[in-house]
K.L.:
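Before we start, here is the structure in question, set down as structure tokens.
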Amino acid sequence: MTTGDWVAVMPVKRLGAAKSRLRGAVPAARHGDLALAMVRDTATAVLATPAVAELLVVTDDPVTAEAVAALGARVVPDRPAAGLNEAMRYGADQIAGPATHRAVLAGDLPALRPHQLDAALAAARPGRAFVADAAGSGTVLLAVAPGEPLDPRFGLGSAAAHAASGARPLEGDWPGLRQDVDTPADLRTVLGLGAGGHTCALLRDVGLKVACVSAA
Ligand SMILES: Nc1nc2c(ncn2[C@@H]2O[C@H](COP(=O)(O)OP(=O)(O)OP(=O)(O)O)[C@@H](O)[C@H]2O)c(=O)[nH]1
Ligand SMILES: C=C(OP(=O)(O)O)C(=O)O
């Protein structure tokens with residue numbers, strides 16, 4: 001049940017090229033499935049967030065498009081090789097109506113919990129705000145009020161870049177929101193936080209003996 005006025009925009013790279021830093025965590029033949037499982041878990045949590053009215057997934061990957069559409073997301077076909085920030089801007093430009101709050105986040109947050117995203121979006125009003133990743137150097141969420149420029153600066157050192165752009169850093173007890181998965185160590189961390197069902201199921205399916213805790 002949504003009571004919100006936020007539209008979330010989530011860019012997802014082609015699965016075959018995604019998560020290169022995560023290679024080796026599972027057998028190569030299942031690497032794309034792992035990336036997709038994390039997208040599914042992230043999208044499920046975003047769509048269950050009361051403050052979020054709609055999720056737009058920007059991707060040119062047909063398998064991802066089918067999977068997130070089945071979850072209830074709207075798919076925005078990305079232009080090939082457009083880049084991460086361009087994909088975010090393009091997705092945000094597809095949102096109708098000037099009076100919409102826009103939240104941009106990555107598709108690699110498998111321990112994301114709806115109440116954490118809800119709390120972050122509540123804290124994000126007014127203006128432009130961002131949530132740094134667990135390491136403090138990257139960004140997991142950029143939240144922008146109507147009429148404000150999106151101005152996404154994701155990439156290396158993006159937390160400092162978003163702060164330099166005038167976005168307000170948000171602090172909160174949001175471990176599942178702040179932990180993105182780039183490396184095998186990140187994957188172990190989110191398992192401890194309570195990775196979503198699709199990610200856990202995939203890891204078990206490839207024979208990893210993982211404890212899938214269901215975080216609060
Ligand atoms: N549509 C689109 N999504 C992207 C692009 N680059 C990254 N993303 C997505 O943005 C999110 C965060 O990016 P990264 O953590 O760098 O993901 P990644 O590029 O797959 O990871 P690495 O290959 O390890 O750098 C992930 O959900 C990616 O799928 C892009 O060029 N286009
Ligand atoms: C895209 C980002 O980082 P990473 O590629 O490490 O997920 C970011 O934190 O802006």
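Starting from 1, each residue takes its place in the sequence as its number. Every number for a ligand or one of its atoms is a count from 1 in the order of the listing.
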K.L.:
If we ignore hydrogens and angles and just use 3.5 Å, is the side chain of Asp33 paired with the main-chain N or O of Ala37 as donor and acceptor?
P.N.:
no
K.L.:
Do side-chain atoms of Arg178 reach the backbone of Ala132 as a donor and acceptor pair under 3.5 angstrom?
P.N.:
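Side chain of Arg178 to backbone of Ala132, a donor-acceptor pair under 3.5 Å: yes, one is there.
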K.L.:
For ligand 2, which atoms, with element, lie under 4.0 Å from some heavy atom of Leu84?
P.N.:
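Selected atoms, number and element: 1 (C).
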K.L.:
Write out the residue and atom name of the closest protein heavy atom to atom 10 (O) of ligand 2, then the distance separating them to 0.1 Å.
P.N.:
Ser158 OG, 2.7 Å
K.L.:
Provide the number and element of each atom of ligand 2 under 4.0 Å from a heavy atom of Asp180.
P.N.:
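Per the distance check, 7 (O).
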K.L.:
Quick check against the 3.5 Å criterion: does Asp60 have a side-chain atom that pairs as donor or acceptor with the backbone of Arg79?
P.N.:
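Not at all, since once roles are kept as given, no pair shorter than 3.5 Å links the two residues.
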K.L.:
Would you confirm whether Arg125, through its side chain, and His101, through its main-chain N or O, come within 3.5 Å as a donor-acceptor pair?
P.N.:
no
K.L.:
If we ignore hydrogens and angles and just use 3.5 Å, is the side chain of Thr49 paired with the main-chain N or O of Ala45 as donor and acceptor?
P.N.:
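Confirmed, Thr49 side chain pairs with Ala45 backbone.
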K.L.:
Under 4.0 angstrom from ligand 2, any heavy atom of Ala106?
P.N.:
no
K.L.:
Return the set of residues passing side-chain contact (heavy atoms from CB on, under 4.5 Å) with Asp186 (not counting sequence neighbours), or none when no residue passes.
P.N.:
Gln179, Val181, Asp182, Thr183
K.L.:
Holding to side-chain contact (heavy atoms from CB on, under 4.5 Å), I want the full list of residues that pass it with Asp151, two or more places apart in sequence or in another chain.
P.N.:
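side-chain contact (heavy atoms from CB on, under 4.5 Å) list for Asp151, sorted by chain: Arg128, Arg153, Ser165.
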K.L.:
Any N or O on Phe154 sitting closer than 3.5 Å to an N or O of ligand 2?
P.N.:
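Looking only at distances, the answer is no, because the N/O contact criterion of under 3.5 Å is not met.
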K.L.:
Counting heavy atoms only, which part of Leu156 comes closer than 4.0 Å to ligand 2: side chain, backbone, both or neither?
P.N.:
neither
K.L.:
Numbering the atoms of ligand 2 from 1, which are under 4.0 Å from a heavy atom of Gly138?
P.N.:
9 (O)
K.L.:
Nearest heavy-atom pair of Phe130 and Ala159: which atoms, and what distance?
P.N.:
CZ-O, 3.5 Å
K.L.:
Is a side-chain donor or acceptor of Thr139 paired with a backbone partner of Phe154 at a separation under 3.5 angstrom?
P.N.:
no
K.L.:
Could you name the option among Ser137, Pro11, Gly155 that has the heavy atom nearest to atom 2 (C) of ligand 2?
P.N.:
Gly155
K.L.:
If we ignore hydrogens and angles and just use 3.5 Å, is the side chain of Arg102 paired with the main-chain N or O of Glu148 as donor and acceptor?
P.N.:
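Judged by distance alone, yes, a pair lies under 3.5 Å.
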K.L.:
Do any nitrogen or oxygen atoms of Lys19 lie less than 3.5 angstrom from nitrogen or oxygen atoms of ligand 2?
P.N.:
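No, Lys19 has no N/O under 3.5 Å of an N/O on ligand 2.
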K.L.:
Could you list the residues that satisfy side-chain contact (heavy atoms from CB on, under 4.5 Å) with His31, not counting sequence neighbours?
P.N.:
Lys19, Leu22, Arg23
K.L.:
Given that the side chain starts at C-beta and the backbone is N, CA, C, O, which of these parts of Arg21 lies under 4.0 Å from ligand 2, counting heavy atoms, or is it both or neither?
P.N.:
side chain
K.L.:
Can you check whether Leu141 reaches Leu121 side chain to side chain, under 4.5 Å on heavy atoms?
P.N.:
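Yes; the side chains approach each other to less than 4.5 Å.
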K.L.:
Under 4.0 Å from any heavy atom of Asp182, which atoms of ligand 2 are there?
P.N.:
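Counting atoms of ligand 2 from 1, those under 4.0 Å from Asp182 are 4 (P), 6 (O), 7 (O).
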K.L.:
Starting from atom 9 (O) of ligand 2, what is the nearest protein heavy atom, named by residue and atom, and what distance separates them?
P.N.:
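Atom 9 (O) of ligand 2 sits closest to the protein heavy atom Thr139 N, 2.9 Å.
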K.L.:
Under a strict 4.0 Å criterion on non-hydrogen atoms, which protein residues are in contact with ligand 1?
P.N.:
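Residues within 4.0 Å of ligand 1: Pro11, Val12, Lys13, Ala18, Lys19, Ser20, Arg21, Val58, Asp78, Gly83, Leu84, Ala87, Ala106, Gly107, Asp108, Asp182.
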K.L.:
For the 3.5 Å polar cut-off, considering only N or O atoms, please tell me whether Asp133 and ligand 2 meet it.
P.N.:
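Such a contact does not occur with ligand 2.
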K.L.:
Would the distance check show the side chain of Asp118 and the main-chain N or O of Ala51 forming a donor-acceptor pair, the cut-off being under 3.5 Å?
P.N.:
yes
K.L.:
Please work out whether any backbone atom (N, CA, C, O) or any side-chain heavy atom from C-beta onward of Val140 is under 4.0 Å from ligand 2, and answer side chain, backbone, both or neither.
P.N.:
neither
